[in-house]
Amino acid sequence: MPPDKMRARLREVAAPAMKGSLPTVVLAGCGYGAIDALRALKGQARVIAINPHPYIVNSGMSTRLLSGRFSLDLVRIPLLEHVQANGAQFLPGRVTHMQPQAQTLTLEGAGGIQTLAYDYLLVNVGRELRPIDGMQHAFAIRPAEQLVAAQTWIRQCWQRAAQGDPTPGLLTFVVVGGGCTGTELMGELYDLCREMSAATGIPLARARLLLIHGQAHLVEGFSERFRQEVEREIRRLGVEIWAERRVKAFGPQQVWLEDGSELVAQTRLWAGGLQAPAWLRSCGLPLGPTGSLLVDECLRVQGAERILALGDCADFVWGSRLLPKIGVYAVRQGPIAAQNLLRLIRGQPLLPYRPQATVFVCVTMGNRVAVAEKGRWVWRGYLATLLKNLFDWLYMRQRKPVRWQAFFY
């Protein structure tokens, strides 16, 4: 069957409720930018939003689930409400294949496997956690519920220790991954352990906190001064940093390293890196240095006239450098991608995305302390925490009702 007839047949099967001649726009994943697209395309296209859950998690806030400082409700954005308010359709599930030539996607969800045809596509799936052997024996940073479960488990470890439980490694806590997420997790872990030390009467010095990182320095990719401040703050908490050491696998109680050493720890947190989804890496479209879709200055995937991508699943080269995978860039890309979808539909010239000259980057280190960088300025302390929380509040309040008091501590 010719491709044009195939696409028409798929639209007939997958989209029987198509409204007149409106084009079909599929949002493959609903990370940063999805709500911008829903708002921009209201009444202009038939929009189908695909996401595993009817909500979006603000990943920049989720590390604080570990200490209980933030709740699941606070870090979630009600995606389904925005989908319905903008007249779109929501399909729960995950994309498993993309066929750019046929302009179709394969979706797997609770209702089984189905194929969707699209006229225009926005790929916004972010990246997924890199797998490791024995991953079921560790708590991962995704989904966010894992961090809530980790908090409960850690509290139980302290309570068991207070009751005289002799289990080896009961108060040994390991975080694997020394990027921004891993270092933030360690700060939250420290605060949780300090709280439980006070509650149980067990000296905090009896706990052992380890941060294992495969690189030479924490938070690689940022300025030397920023890295130094982050490492200095982590060490101030009494954390052992095992740099340039890679974890091979997890066991029921063990952490096995590639150098053959073994560590017994009852609590293991995996923040060991992210990667583009396998289906995206094998779709046949041009990929950038990190394996994400290579996009041009308008966020259009190179070689695909009707596909846009943004955030972590897009490699954007600005001048001679690859744009870092941090949320502050994706937030600014969202409105540009939304407007460019509309311009594609209307046959208008696309808008270029211009990255900020400098960005505010902040790593929280537990209660009231953070390290921040803006251009050549690097500083630590409560002011950095206040600024991060202020930006989180301003972002979230545009997407759901929130109390500002929940963001400041």
Side-chain angles (χ1 to χ4, degrees), residues 29-37 56-64 70 74-75 77 122-127 141-142 144 179-185 187 218-223 225-227 229-230 271 273-274 276 288-290 292-293 295 297-299 308-319 321-340 351-365 370-380 383-399 402 407:
C30 293
Y32 294 113
I35 293 174
D36 295 310
I56 310 165
V57 173
N58 185 336
S59 58
M61 296 171 57
S62 62
T63 53
R64 282 168 280 184
F70 286 168
L74 185 63
V75 304
I77 299 168
L122 177 62
V123 184
N124 195 12
V125 292
R127 291 183 294 171
I141 58 173
R142 297 180 182 180
C180 291
T181 300
T183 50
E184 285 196 345
L185 276 180
L218 301 181
V219 292
E220 288 278 9
F222 297 94
S223 71
R225 187 180 168 199
F226 182 73
R227 297 198 311 264
E229 287 293 335
V230 168
L274 301 170
T290 72
S292 295
L293 293 174
V295 298
E297 66 170 0
C298 299
L299 304 177
L308 300 178
L310 78 152
D312 281 4
C313 66
D315 276 353
F316 184 96
V317 179
W318 181 242
R321 71 186 184 104
L322 179 68
L323 211 62
K325 307 289 189 186
I326 52 178
V328 289
Y329 290 116
V331 168
R332 296 283 187 91
Q333 290 174 348
I336 300 296
Q339 287 302 310
N340 281 345
L351 300 173
Y353 161 66
R354 296 287 184 256
Q356 307 93 298
T358 62
V359 295
F360 175 78
V361 179
C362 186
V363 174
T364 57
M365 297 290 175
V371 178
E373 179 179 58
K374 173 70 172 173
R376 290 179 292 179
W377 295 91
V378 176
W379 70 98
R380 64 169 294 278
L383 175 59
T385 301
L386 280 176
L387 286 173
K388 179 175 174 60
N389 292 345
L390 173 63
F391 295 144
D392 285 338
W393 171 62
L394 291 173
Y395 177 79
M396 295 296 282
R397 71 193 290 264
Q398 295 176 2
R399 286 151 179 82
V402 290
F407 289 78

side-chain contact (heavy atoms from CB on, under 4.5 Å) partners of Glu220, counting only residues at least two apart:
His213, Gln215, Ala216, His217, Arg227
Does the side chain to side chain contact (heavy atoms under 4.5 Å, CB included) test come out yes or no for Val230 and Met365, once each step is laid out?
CA-CA 8 Å; Val230 168; Met365 297 290 175; 3.3 Å; yes
Shortest non-hydrogen contact from Leu308 to Cys298?
CD2-O, 4.0 Å
Would you say the side-chain atoms of Arg321 pair up with the backbone N or O of Val317, donor to acceptor, closer than 3.5 Å?
no
Taking the six-membered ring for Trp, are Phe360 and Trp379 parallel (under 30°), tilted (30 to 60°) or perpendicular (over 60°)?
tilted
Counting distance only, does the side-chain N/O of Lys374 pair as donor-acceptor with the main-chain N or O of Val361 below 3.5 Å?
no
CG of Leu274 to CZ of Arg142: how many Å apart, nearest 0.5 Å?
5.0 Å
Considering only distance and modelled atom types, tabulate donor-acceptor pairs under 3.5 Å from the side chains of residues 325-336, sequence neighbours left out.
residue : atom : partner : partner atom : Å
Lys325  : NZ   : Asp312  : O            : 3.3
Lys325  : NZ   : Ala314  : O            : 2.5
Lys325  : NZ   : Asp315  : OD1          : 2.5
Gln333  : OE1  : Gly311  : N            : 2.8

Heavy atoms only: give me the nearest Ala384-Ala370 pair and the separation to one decimal.
CB-O, 3.6 Å
Residues Glu297 and Arg354 bridged, charged N to O under 4.0 Å
yes
For Gly179 against Val219, the heavy-atom pair lying closest together
C-CG1, 3.8 Å
To check you understand the geometry: which heavy-atom pair defines the closest contact between Leu310 and Cys313, and what is its length?
O-SG, 3.4 Å
Could you state the interatomic distance from OG1 (Thr63) to CZ (Phe70), rounded to the nearest 0.5 Å?
8.5 Å
Identify the heavy atoms of Ser223 and Val378 that sit nearest to each other, and give their distance.
OG-CG2, 4.1 Å
Take a 6.0 Å sphere around CH2 of Trp377 and say whether it holds more than 12 heavy atoms from other residues, nucleotides or ligands.
no
Verify, without hydrogens or angle tests, whether Glu184 (side chain) and Thr364 (backbone) share a donor-acceptor contact under 3.5 angstrom.
yes
With rounding to the nearest 0.5 Å, note down the distance linking CZ in Phe391 to SG in Cys362.
9.5 Å
Check Gln339 against Leu351 and note the closest heavy-atom contact, atom names and distance.
CB-CD1, 3.9 Å
Holding to salt bridge (Lys or Arg N to Asp or Glu O under 4.0 Å), I want the full list of residues that pass it with Arg376, two or more places apart in sequence or in another chain.
none
List for me each residue that meets side chain to side chain donor-acceptor pair (under 3.5 Å) alongside Ser62, sequence neighbours excluded, and say none if there are none.
none
What is the distance from atom CG of Leu390 to atom CG of Leu386, rounded to the nearest 0.5 Å?
8.5 Å
Arg397: side chain to side chain donor-acceptor pair (under 3.5 Å) partners, not counting sequence neighbours:
none
Can you check whether Tyr32's main-chain N or O pairs, donor with acceptor, with Asn124's side chain at less than 3.5 Å?
yes
Checking Asp392 now: which residues fulfil side chain to side chain donor-acceptor pair (under 3.5 Å) with it, not counting sequence neighbours?
Arg64
Any chance you could measure Leu293, atom CG, to Phe316, atom CZ, to the nearest 0.5 Å?
14.0 Å
One should read off an interatomic distance between Asp36 CG and Gln398 CD, to the nearest 0.5 angstrom, of 8.5 Å
